[in-house]
Amino acid sequence: MLDIKIIRDQTDTVRQRLAAKKAEALLDPILDLDRERRRLQTEVDQWKNQRNVVSKEIGARKKAGEDISAIQAEMRSLGDQIATADQQIRDLEERFSDLLLRLPNLPHASTPVGTDSSENVVVRTHGEPRAFPFTPKPHWDVGNRLGFFDLERGAKIAGAGFPLFTGVGARMERALISFMLDIHTTRHGYKEVAPPILVNAASMTGTGQLPKMKEDMYYIGADDLYLAPTAEVPVTNIYRDEVLSGPLPVYLTAYTPCFRREAGAAGRDTRGIIRVHQFDKVELVKFVEPSTSYTELEALVGNAEVILQELGLTYRVLQLCSGDLSFAAAKCYDIELWAPGQNGWLEVSSCSNFEDFQARRANIRYRDANGKTAFVHTLNGSGVALARLVVAILENYQQEDGSVLVPPALVPYMGGVDRLTPVA
RNA sequence: GGAGAGAUGGCAGAGUGGUCGAAUGCGAGUGAUUGCUAAUCACUUGUACUUGGGUUAACCAGGUACCGAGGGUUCGAAUCCCUCUCUCUCCGCCA
């Protein structure tokens, strides 16, 4: 959520920066509602002041035995007037805050202006696409031969896009989760948490998924709960409506399954496990002092990159242009893995600085050097997402005989197994 | 799912219709004093919104709202009534 004071005072700048996200249309209705609300509020406040003063007087006169019926009647009608106006203010506020909650964050000055993903900027590439003496197969072929997953039965159980991992596949999921959590907790200073995966509407609003992206979420109507699309939601909301008492920064990491309806993605990446409704992910979340958030973002990307380096995978880091930036982000880097079976890049991490956009929505504050409360800056990034990481491992480490080498760093987590061999 | 108890400022905890934005204690801050590093005294110390002043700052003055949330009664609600949420205890069910 943007600061209404900044919208008021620096309207032109805000308009310009929102235009880079094609979201400037909401601005004028918001300003109109704000003006109207304040005008009415000021008026009502004066009436209430009058009522408060007179009510005290009534108390005193009553005690003195005076007749107060006339003045009481007068106050009764003032009370009705106030009640009507209060209702109007509530309506205005509801419309106002609904619009404000639909206004995206402003792109940071360092975010390149662009319309879509074609204008994202490659910041760096690590490693070279591996050379194969044979034609690398897609992961669904590789995985099927290994008994790594059983996508047909997954579809039977829940539907397409709900993968069933089996045998070595299930083991590798578990291994990767432990491997990543260990690195982030022991080397990068994150504290591990295991949050609820069902979250309420307040949490979803706090991080920015609601109200705009409702259609992308699984919703459990009977209990009015949502399935978290990412651990970002429950983890960031740990400190909702709190003033952080300890020192900043706070680094948290969590493994959770993630659930996405992928409402607008029908027909894309339908084979294999590149685009699925349920996947595992290790997430990194930071709560930091505003002045440090951009150096913290660089460090966060580095934390995710370490995972890929340790696994010996080729990747590139992209900076998203304004048009491809997510709703709440001011600046975002994506990390993409090279997948030879797809002959393309797969996004496995998205690392964003939200500045105070989420903190303002979720009301997460800290005490600054002067002891005054101020909004923290929040950041998060995937560290990293599992399904596509598995795709990259299967496709990069496949051998001509159909076996797959286990990345050396992962072998201890696989019970010493260093090669997965075809079962049939 | 059933029964009961509770929810007040950073924390603890009074307050049962007006003089309550809220006693008291703790904590924190400022100043003074004493001086075997700790103590005594005085004062200060919630948040949000808003109007005006002020160098779009610090800050100052006024107003409104906030005693879990929402609604009601009343000239007037922390206080009375209703609904809801959450916490705790007991029972039931359950991995």
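Here the separation of B:U34 from B:G29, taken at their P atoms, is 22 Å to the nearest Å. Remark: the separation of the P atoms in B:G27 and B:U73 is 46 Å, to the nearest Å. Comparing the same atom, P, in B:U19 and in B:A78 gives a spacing of 9 Å after rounding to whole Å. Taking the P atom of each, B:G54 and B:A77 are spaced 36 Å apart, rounded to whole Å. The gap from the P atom of B:G10 to that of B:C90 amounts to 31 Å, rounded to the nearest Å. The P atoms of B:U47 and B:A23 are separated by 16 Å, rounded to the nearest whole Å. Comparing B:G13 with B:G17, their P atoms are spaced 23 Å from each other, to the whole Å. With P as the reference atom, B:G4 and B:U79 are 22 Å apart, rounded to whole Å.
Distance OH (A:Tyr366) to C1' (B:U47): 18 Å, rounded to an integer number of Å. Counting to the nearest Å, the P atom of B:C49 and the NZ atom of A:Lys48 are 16 Å from each other. Taking atom CD of A:Glu93 as the reference point, atom C1' of B:A65 lies 11 Å away to the nearest angstrom. When rounded to the nearest whole Å, the span between CG of A:Asp224 and P of B:A69 equals 20 Å. Here the P atom of nucleotide B:A48 and the NZ atom of A:Lys5 are 8 Å apart, to the nearest Å. Atom CD in A:Gln87 sits about 8 Å away from atom P in B:G71, given to the nearest Å. We find that CG of A:Asp241 is positioned 16 Å from C1' of B:G46, with the value rounded to whole Å. Here B:G63 presents its P atom at 19 Å from CD of A:Glu43, a figure rounded to the nearest Å.
Nucleotide B:U19 forms no Watson-Crick or G-U wobble pair with any nucleotide shown, as no partner meets the under 3.5 Å limit on both distances. Both distances falling under 3.5 Å, in either a Watson-Crick or a G-U wobble arrangement, occur for no nucleotide opposite B:A57. B:U30 is paired with B:A42 under the criterion used here, namely a Watson-Crick or G-U wobble arrangement in which both key atom distances are under 3.5 Å. Across every strand in view, B:A78 sits unpaired, with no contact that passes the Watson-Crick or G-U test at under 3.5 angstrom. Base pairing of B:C67: no nucleotide in any strand meets the Watson-Crick or G-U wobble criterion (both distances under 3.5 Å). Nucleotide B:U37 is matched to nothing when pairs are restricted to Watson-Crick or G-U wobble geometry with both distances under 3.5 angstrom. The partner of B:C86 is B:G6, by the rule that a Watson-Crick or G-U pair needs both atom distances under 3.5 Å. Under the Watson-Crick or G-U wobble criterion, with both distances below 3.5 Å, B:G92 is left unpaired in every strand shown.
The 12-atom threshold is exceeded at CD of A:Glu119, counting heavy atoms of other residues, nucleotides or ligands nearer than 6.0 Å. With a 6.0 Å radius and a threshold of 12 heavy atoms from other residues, nucleotides or ligands, A:Lys22 has its NZ atom above the threshold. The local environment of CZ in A:Arg8 is crowded, with over 12 non-hydrogen atoms from other residues, nucleotides or ligands closer than 6.0 Å.
Out of B:G63, B:C49, B:U51, the shortest distance to the side chain of A:Asp45 is found at B:G63. Checking B:C49, B:A48, B:G63 against the side-chain heavy atoms of A:Arg365 singles out B:A48 as nearest.
Sequence order on RNA chain B of the closest nucleotides to A:Gln46 and A:Thr373 puts A:Thr373 first from the 5' end.
The residue A:Asn49 sits close only to the backbone: its heavy atoms come under 4.0 Å of sugar-phosphate atoms, none of a base. Backbone-only contact: A:Arg90 has heavy atoms under 4.0 Å from sugar-phosphate atoms and none from a base. Within 4.0 Å of A:Arg8, counting heavy atoms only, lie sugar-phosphate atoms of the nucleic acid but no base atom.
In this structure, A:His188 and A:Tyr190 have perpendicular ring planes: the angle between them is above 60°, well past the 30° mark.
Residues A:Gln358 and A:Thr378 bring a donor and an acceptor atom of their side chains to less than 3.5 Å of each other. Side-chain contact annotation: A:Glu305 with A:Tyr315, donor-acceptor N/O pair under 3.5 Å present.
Distance check, rounded to the nearest 0.5 Å: OG1 of A:Thr205 to CG of A:Leu101 gives 6.5 Å. If you take CG on A:Asp141 and CZ on A:Arg271, they are separated by 6.5 Å, rounding to the nearest 0.5 Å.
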Under 3.5 Å, which N/O atoms of the protein pair with N/O atoms of nucleotides 75-82 of chain B?
from, atom 1, to, atom 2, distance (Å)
B:C75, OP1, A:Arg76, NE, 3.3
B:C75, OP1, A:Arg76, NH2, 2.5
B:C75, OP2, A:Arg76, NE, 3.1
B:C75, O2', A:Ser55, OG, 3.3
B:C75, N4, A:Lys62, NZ, 3.4
B:G76, O4', A:Ser55, OG, 3.2

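Side-chain atoms of A:Thr166 come within 3.5 Å of backbone atoms of A:Gly147 as a donor-acceptor pair (strictly under, hydrogens ignored).
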